[in-house]
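Only heavy atoms go into these numbers, but all of them, side chains included; no hydrogens, no water, no symmetry mates.
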Amino acid sequence: MSTHKQTMNLSNQFLIAMPGLNDPNFERSLIYLCHHDDEGAMGLVINQETEAKLDEILEQLDIDCDQKMQQKVLHGGPVRQEQGFILHSTDNGPHPKSDIISDDIALSGSLELLEHIAKGSGPQHFLISLGYAGWAPDQLEEEIQSNSWLTAPANSEILFQTPSHLKWQKAVASLGFDPDTLQSTAGHA
């Protein structure tokens with residue numbers, strides 16, 4: 001008789017790095033979990049900006065842009081940093097090449113969607129990132145149990161409308177904690 005352990009599903013949740021998490025890839029990071037099941041987890045760091053601006057990326061991809069797009073591209077995580085991701089609202093309807101994560105948030109890697117964004121006909125809210133964060137089966141659960149991460153319900157305001165440098169603090173505050181007094185009990189993973 002096989003025993004199948006029920007895995008928690010943290011898709012559409014924030015992962016908040018505890019202050020003692022000393023991994024330079026994730027120190028004081030806020031991650032939006034796009035996918036989580038018994039095969040592992042995938043998310044995007046949403047509060048670490050690169051030096052690149054969106055219009056520079058569009059130019060590199062030979063995508064015409066109708067306006068200056070000074071939004072910073074995010075460092076989404078240490079895995080496949082050459083791969084781009086678009087985390088976006090679904091206010092203009094879901095894009096056919098997007099994976100729906102929740103009623104109002106979707107994920108895409110589509111150049112076609114990037115072209116719509118460049119022309120001003122894409123989703124109202126979006127984040128562009130390079131790379132992602134990934135976990136093997138049960139790895140994320142173990143890291144949460146060792147107090148490396150807090151989890152919080154994701155919300156669009158923090159995701160899309162809060163400046164990157166304030167997202168971690170706002171996510172901590174959404175749980176009722178004062179970010180300045182949050183103490184680390186994180187284990188070393």
Is a side-chain N or O of [X] found less than 3.5 angstrom from the main chain of [Y], in a donor-acceptor match?
| X | Y | value |
| --- | --- | --- |
| His36 | Leu10 | yes |
| Asp91 | Gln124 | yes |
| Thr90 | Asp103 | yes |
| Ser89 | His125 | yes |
| Lys119 | Cys65 | no |
| Lys97 | Gly109 | no |

Can you get from [X] to [Y] by hopping between Ile, Leu, Val, Met, Phe, Trp and Tyr side chains that sit under 4.5 Å apart?
| X | Y | answer |
| --- | --- | --- |
| Leu159 | Tyr132 | yes |
| Met42 | Ile86 | no |
| Leu175 | Leu166 | no |
| Leu74 | Phe85 | yes |

So does [X] have more than 12 non-hydrogen atoms from other groups sitting under 6.0 Å from [atom1]?
| X | atom1 | result |
| --- | --- | --- |
| Glu39 | CD | no |
| Lys72 | NZ | yes |
| Gln83 | CD | yes |

Under 3.5 Å, is there a donor on one side chain and an acceptor on the other for [X] and [Y]?
| X | Y | value |
| --- | --- | --- |
| Glu27 | Asn22 | no |
| His116 | Ser121 | yes |
| Ser108 | His88 | no |

Looking at NZ of Lys167 and CD1 of Ile31, how far apart are the two atoms once the value is rounded to the nearest 0.5 Å? 13.0 Å
Not counting sequence neighbours, list each pair that qualifies as a side chain to side chain donor-acceptor pair (under 3.5 Å) and has a residue in residues 40-51.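 Residue pairs with at least one partner in residues 40-51: Glu49-Ser164.
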Give me the one residue out of Gln71, Lys68, Gln60 that meets side-chain contact (heavy atoms from CB on, under 4.5 Å) with Asp55. Lys68
Of all heavy-atom pairs between Leu44 and Gly131, which one has the smallest distance, and what is that distance? CD2-O, 3.5 Å
Checking side chain to side chain contact (heavy atoms under 4.5 Å, CB included) for the pair Leu87/Ile128: CA distance, chi angles, key distance, verdict? CA-CA 7 Å; Leu87 193 61; Ile128 309 293; over 6 Å; no
Contact between Leu54 and Gln70 at the side-chain level, heavy atoms closer than 4.5 Å - yes or no? no
